[in-house]
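Numbered from 1 within each chain, the chains take letters A, B, ... in sequence-line order. Computed from a prediction, not measured in an experiment: that's the story for all the values here.
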2 protein chains.
Amino acid sequence: MDAKARARYEARAAIIKAMGHPTRLFIVEELARGERCVWELTEMVGADVSTISKHLSVLKNVGIVQDEKRGNQVFYSLLVPCVLNFFSCVESVLQSRAKEHAKLTK
Amino acid sequence: MDAKARARYEARAAIIKAMGHPTRLFIVEELARGERCVWELTEMVGADVSTISKHLSVLKNVGIVQDEKRGNQVFYSLLVPCVLNFFSCVESVLQSRAKEHAKLTK
DNA sequence: TGGCTCCTTGGCCTAATGGCCAAACGAATA
DNA sequence: TATTCGTTTGGCCATTAGGCCAAGGAGCCA
């Protein structure tokens, strides 16, 4: 792997890494239903506002979500909905793991 | 989010997180072409064998790859090929980001 | 058995991550 | 202008992650 290839993989990994956190996964799934402001998400998750704000900025920095300030509040929305496809594949992994487990304990 | 929901998101996030590393991304893509043994991957990546071995065990632990010992060597192969779908979505994110960037610098 | 090769594990260090609190900041409102 | 509300940022701390090196198996083959 040369430096160029490595850089390409790093750019990709950064995006996937942004999805690799339970809270951010929840946020993405919630934003798929429609835009939400920070405190709405904060309430749903049950963490500190600052924590949620940081999670949102991670997602924003890699380009998965976008924000829009309206009056007092900031509304976040999903910019690239195809990340939702991750979920179905993740379920396949979990299922295949369950099957494997069943085989071992048979 | 209650404890049950949180656990579900954590299980999902663990799988995605396993994909969120440049070297592991490379490994997965390489395994998509066919099984590889550890030193083959080590050579391609250009890191320490122990490093590659650890990356492989991360992928194995979440159930993305499987290993098979044959004689002296251990062959790894892709267990759940749908993770390759991640790549196309990641490219969309990168493209949408590039477009966004072009708009801003116009 | 002894030595070789291939791989994994443990140890250690450094860097990055995630959480909360407190402080700052911008917009609306009094 | 002062205050309040919604959000972001900085600081701090604890935990995790990722890298290499060294040591420890597990198979082969002499």
Side-chain angles (χ1 to χ4, degrees), chain A residues 1 3 5-7 9-28 30-31 35-77, chain B residues 1 3 5-7 9-28 30-31 35-77:
Chain A
M1 264 211 297
R6 196 176 302 272
Y9 281 105
E10 261 166 34
R12 292 174 182 173
I15 294 169
I16 299 181
K17 208 156 110 187
M19 294 284 295
H21 189 282
T23 301
R24 292 197 290 265
L25 231 40
F26 172 85
I27 289 175
V28 165
E30 187 57 33
L31 292 185
E35 57 173 26
R36 299 280 185 271
C37 66
V38 180
W39 71 260
E40 279 178 312
L41 295 167
T42 301
E43 263 205 340
M44 292 186 228
V45 173
D48 196 272
V49 203
S50 66
T51 302
I52 301 299
S53 177
K54 278 176 187 171
H55 281 310
L56 285 167
S57 82
V58 170
L59 291 171
K60 185 180 143 193
N61 283 335
V62 298
I64 293 176
V65 306
Q66 66 184 162
D67 60 343
E68 192 194 331
K69 189 154 203 168
R70 283 210 299 275
N72 219 352
Q73 23 195 354
V74 179
F75 288 88
Y76 281 85
S77 56
Chain B
M1 266 208 294
R6 197 176 303 269
Y9 282 105
E10 261 165 34
R12 292 174 181 173
I15 294 169
I16 299 181
K17 208 155 109 186
M19 295 285 293
H21 189 282
T23 301
R24 293 198 289 265
L25 231 38
F26 172 85
I27 289 175
V28 165
E30 188 56 33
L31 293 184
E35 59 173 25
R36 299 280 184 271
C37 67
V38 179
W39 70 261
E40 280 179 310
L41 295 168
T42 301
E43 263 204 341
M44 292 187 230
V45 173
D48 196 89
V49 202
S50 67
T51 301
I52 301 299
S53 177
K54 278 177 187 170
H55 281 310
L56 284 166
S57 83
V58 169
L59 290 171
K60 185 181 144 193
N61 282 335
V62 298
I64 294 177
V65 306
Q66 67 185 158
D67 61 343
E68 192 194 333
K69 188 157 204 166
R70 281 209 301 276
N72 217 354
Q73 19 194 354
V74 179
F75 289 88
Y76 281 85
S77 56

Subject >> Rounded distance in Å - CG (A:Leu56) to C1' (D:dT8) >> reply: 11 Å
Original post:
Roughly how far, to the nearest 0.5 Å, is the CZ atom of A:Arg24 from the CD1 atom of A:Ile64?
Top reply: 9.0 Å
**OP:** For B:Tyr76 and for A:Arg70, locate the closest nucleotide of DNA chain C by heavy-atom distance; then report the residue assigned to the nucleotide nearer the 5' terminus.
**Re:** B:Tyr76
Original post:
In whole angstroms, how far is the C1' atom of D:dT8 from the CG atom of A:Leu59?
Top reply: 16 Å
Original post:
To the nearest Å, how far apart are B:Ile52 CD1 and C:dC7 C1'?
Top reply: 12 Å
**OP:** Ignoring backbone atoms, test whether B:His21 places a side-chain nitrogen or oxygen under 4.0 Å from the OP1 or OP2 oxygen of D:dT16.
**Re:** no
Subject >> Selected nucleotide, minimal atom distance to B:Trp39 side chain, candidates C:dG18, C:dC6, D:dG19 >> reply: C:dC6
**OP:** Would you please confirm or rule out a distance under 4.0 Å between OP1 or OP2 of C:dC20 and any side-chain N or O of A:Thr51?
**Re:** yes
Original post:
Which part of the nucleic acid does A:Lys60 contact within heavy-atom distance under 4.0 Å: base, sugar-phosphate only, or nothing?
Top reply: nothing
Subject >> Spacing of B:Ile52 atom CD1 and B:Trp39 atom CH2 [to the nearest 0.5 Å] >> reply: 13.5 Å
Subject >> Nearest-angstrom distance from the residue atom CD of A:Glu68 to P of D:dT7 >> reply: 13 Å
**OP:** Could you state the atom-to-atom distance from CZ of A:Phe75 to P of D:dT8 in whole Å?
**Re:** 12 Å
Original post:
Looking at B:Arg70 and B:Glu35, does any basic side-chain N land under 4.0 Å from a carboxylate oxygen?
Top reply: yes
Original post:
Can a side chain N or O of B:His55 be found less than 4.0 Å away from OP1 or OP2 on D:dA17?
Top reply: no
Original post:
Below 3.5 Å, does any donor atom in the side chain of A:Lys54 face an acceptor in the base of D:dG10, or the other way round?
Top reply: yes
Subject >> Integer-rounded Å distance: D:dG6 P and A:Asp48 CG >> reply: 15 Å
Subject >> Closest to the A:Ser50 side chain, choosing from C:dT9, D:dT9, D:dG6 >> reply: D:dT9
Subject >> Shortest side-chain distance from A:Cys37, nucleotide among C:dC7, D:dT7, D:dA26 >> reply: D:dT7
Original post:
How long is the line joining CD of A:Gln73 and C1' of D:dT4, in whole Å?
Top reply: 14 Å
Original post:
For the atom pair NE2 (B:His55) and CG (B:Leu41), what is the distance rounded to the nearest 0.5 Å?
Top reply: 11.0 Å
Original post:
Does A:Arg24 place a side-chain N or O at less than 4.0 Å from the phosphate oxygens OP1/OP2 of C:dG18?
Top reply: yes
Subject >> 5' precedence on DNA chain D between A:Lys17 and A:Ser53 (nearest-nucleotide basis) >> reply: A:Ser53
Original post:
Within this structure, what is the NZ-to-P distance between B:Lys69 and D:dG25, rounded to whole angstrom?
Top reply: 13 Å
Original post:
If you pin A:Asn72 and A:Asp67 to their nearest nucleotides in DNA chain D, which one's is more 5'?
Top reply: A:Asn72
**OP:** Examine distances only and state if a side-chain atom of A:Glu43 and a backbone atom of A:Glu40 form a donor-acceptor pair shorter than 3.5 Å.
**Re:** no
